[in-house]
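Heads up, the thing below is written out as structure tokens.
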Protein chains: 2
Amino acid sequence: MNAANDGRPLYNQLVDILKVKIENEMQVNDRLPSERELSSQYDLSRTTVRIALNELELMGYVHRQHGKGTFVSNVVKGQTDLGGTYSFTEQMKSLGKVPETKILSFKTMKANQFVAEGLGIDVDTEIIKIKRLRLADDEPMMLERTYLPLSKFPTLDAEALQKAPMYDVFRKDYNQVVKVADEVLSVGIMTANDARLLSFYEGAPVLKLKRTTYNNKNEIIEYTLSVARGDKFTYHLRHQR
Amino acid sequence: MNAANDGRPLYNQLVDILKVKIENEMQVNDRLPSERELSSQYDLSRTTVRIALNELELMGYVHRQHGKGTFVSNVVKGQTDLGGTYSFTEQMKSLGKVPETKILSFKTMKANQFVAEGLGIDVDTEIIKIKRLRLADDEPMMLERTYLPLSKFPTLDAEALQKAPMYDVFRKDYNQVVKVADEVLSVGIMTANDARLLSFYEGAPVLKLKRTTYNNKNEIIEYTLSVARGDKFTYHLRHQR
DNA sequence: GAGTGGTCTAGACCACGGT
DNA sequence: CCGTGGTCTAGACCACTCC
């Protein structure tokens, strides 16, 4: 492989090389060099080449046909292939909007029955409750009520959340990586209180979103209820495979 | 490996063996035998063992820690890990409801501007338009208008769709495998016409769903607009990783 | 038959986590 | 230090596609 750029695994480096080649020099349905050719071209074992190609296949850049070869797929331009977005910030950016988050309140309290069920913990366990207003291009879009188990985020404060996206804080400060997020979407009606916060009118149709997030040990680390303005907010998602 | 059950790759067989072991004999956070132990226990190369463990990790059965070991996660009982469901039938089944589909109309026609854009084809290209009513436990839930490029499904008829789920027909009869599905969810208001078909009232809030489906060559094979009763329908989804 | 991707091996070295 | 998972090699045989 190219002498430079060490430290990273060779198959990752090959993924990057091939991504660039595909994007700049190849057309949809073009055949890539065979695994054996790539193997000798880049002086890698075929096993390593295959790991890289598997990666590219998962990302939708190529597809394979047994006995025929590996071919370029055409997602490529679909840039924002955030397959499985569950971040407001990312969603808005991918739509070309400028996202902003205002923390309306941040407090610790004891879990009531409802929250305890959502977080899979006992009633009266200490939790953090965060209320946030999400805006896009300065327009109020969504209201989020997030519940976190205090035991997993003992030192969290509002200030940290102002500085970085919540999931970044989870990962960097508390070593909590989001592995799975379950969401339930439904339609509802704007309450008087929410209407005031979202500068809209009571009784308007809203999109409701309930999210449960799990870490790599499959413990619940977040339970969030969101209410989004039905006239402004659309939810985009991509299923792969 | 066990003599029986050949034909299938060894790593798939190992995946099944370990799945059973994990479900029946192990607890959350138990450590699995090391890769080298599994390798000698089952008389497989470590490479093959690792492929199996990667598979289990992707499925959420285990998680790994460099230098420590491979540990049991606790999804296991969450059976319905249909990570990325985009099938009404599957969604309803997973909620314990009995799904049913009535085909209201099936016809070929020429694409207008709107459909042509949705399918990424030229105006006036021949297409199939299917209107279906989806019910759960005999209650009307959702109305779907599906547009397909006739060129990819030249012999499709309503009868075939009555017998099997649409994506099964795509795969078995036309060799079209769904690789990616993009969906956009939004909130809307029931039209008079839809209200009649869904036995509901005009002006009621509805969940609107727009789906674009791609095959493994990333060609669009389906464009569907759905309208679901806001009071009955919830949309469940799971993001992985 | 020649060429492709799919599976599998036996062994090596590295990086990380604990003792 | 040892044992763990992470990376990588060189080579083998199989299954599929096309000529």
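The figures here come from the full heavy-atom set of this structure, side chains too, leaving out hydrogens, waters and symmetry mates. The chains referred to below are lettered A, B, ... by the order of the sequence lines, with proteins before strands, and numbering in each begins at 1. Predicted model, so just to flag it, every value in this text is computed and none were measured.
- Rounded to an integer number of Å, the gap from CG of A:Leu53 to P of C:dT7 is 14 Å.
- In this structure, CG of A:Asn12 is placed 8 Å from P of D:dT7, rounded to the nearest angstrom.
- Taking atom CD1 of residue B:Ile51 and atom C1' of nucleotide D:dG6, one finds them 14 Å apart after rounding to whole Å.
- Following rounding to the nearest Å, A:Glu55 (CD) and D:dT7 (P) show an atom-to-atom distance of 10 Å.
- Distances shorter than 4.0 Å separate some side-chain N or O of B:Arg50 from OP1 or OP2 on D:dG6.
- Within the nucleic acid shown, A:Ser34 comes within 4.0 Å of sugar-phosphate atoms alone, with no base atom in reach, counting heavy atoms only.
- Of the side-chain N and O atoms in A:Thr70, one or more sit less than 4.0 angstrom from OP1 or OP2 of C:dG5.
- Here the side chains of A:Asn215 and A:Val177 are not in contact, with every heavy-atom distance at 4.5 Å or above.
- When each of B:Val49 and B:Arg36 is assigned the nucleotide of DNA chain C with its nearest heavy atom, B:Val49 is the one assigned upstream, toward the 5' end.
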Please evaluate residues B:Tyr235 and B:Glu183 with respect to the criterion side-chain hydrogen bond (donor to acceptor under 3.5 Å, both in side chains), reporting the C-alpha separation (whole Å), side-chain torsions for both, the decisive distance (0.1 Å), and the verdict. CA-CA 12 Å; B:Tyr235 187 81; B:Glu183 297 189 330; 2.3 Å; yes
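- Nearest-nucleotide mapping onto DNA chain D: of A:Pro9 and B:Arg31, the residue sitting toward the 5' end is B:Arg31.
- Side chain of B:Asp173 to main chain of B:Phe170: no donor-acceptor pair is present (N/O by atom type, distance under 3.5 Å, no hydrogens or angles).
- In terms of phosphate contacts, A:Tyr11 brings no side-chain nitrogen or oxygen within less than 4.0 Å of OP1 or OP2 of D:dC8.
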Between N or O atoms, less than 3.5 Å apart, protein on one side and nucleotides 17-19 of chain D on the other: list the pairs.
from, atom 1, to, atom 2, distance (Å)
D:dC18, OP1, A:Lys68, NZ, 3.3

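- Between A:Arg46 atom CZ and C:dG5 atom C1' the separation is 6 Å, expressed in whole Å.
- Between the CZ atom of A:Phe71 and the P atom of D:dC16 there is a distance of 17 Å, given to the nearest Å.
- Using a 3.5 Å distance cut-off with no hydrogens or angles, the side chains of B:Glu55 and B:Tyr61 do not pair a donor with an acceptor.
- Donor-acceptor pairing under 3.5 Å is lacking for the side chains of A:Glu144 and A:Thr224.
- The CG-C1' distance, from A:Leu44 to D:dT7, rounds to 12 Å in whole Å.
- Considering only side-chain N and O atoms, B:Ser45 lies nowhere under 4.0 angstrom from the phosphate OP1 or OP2 of C:dG11.
- Heavy-atom neighbours of A:Lys152 NZ from other residues, nucleotides or ligands within 6.0 Å: above the threshold of 12.
- The pair B:Glu35-B:Arg64 meets the salt-bridge criterion, with a side-chain N (NZ, NE, NH1 or NH2) lying under 4.0 Å from an Asp/Glu carboxylate O.
- A straight line from CG of B:Leu38 to C1' of D:dG3 spans 14 Å, rounded to a whole angstrom.
- Between A:Thr48 and D:dT7 there is no side-chain N or O to OP1 or OP2 distance below 4.0 Å.
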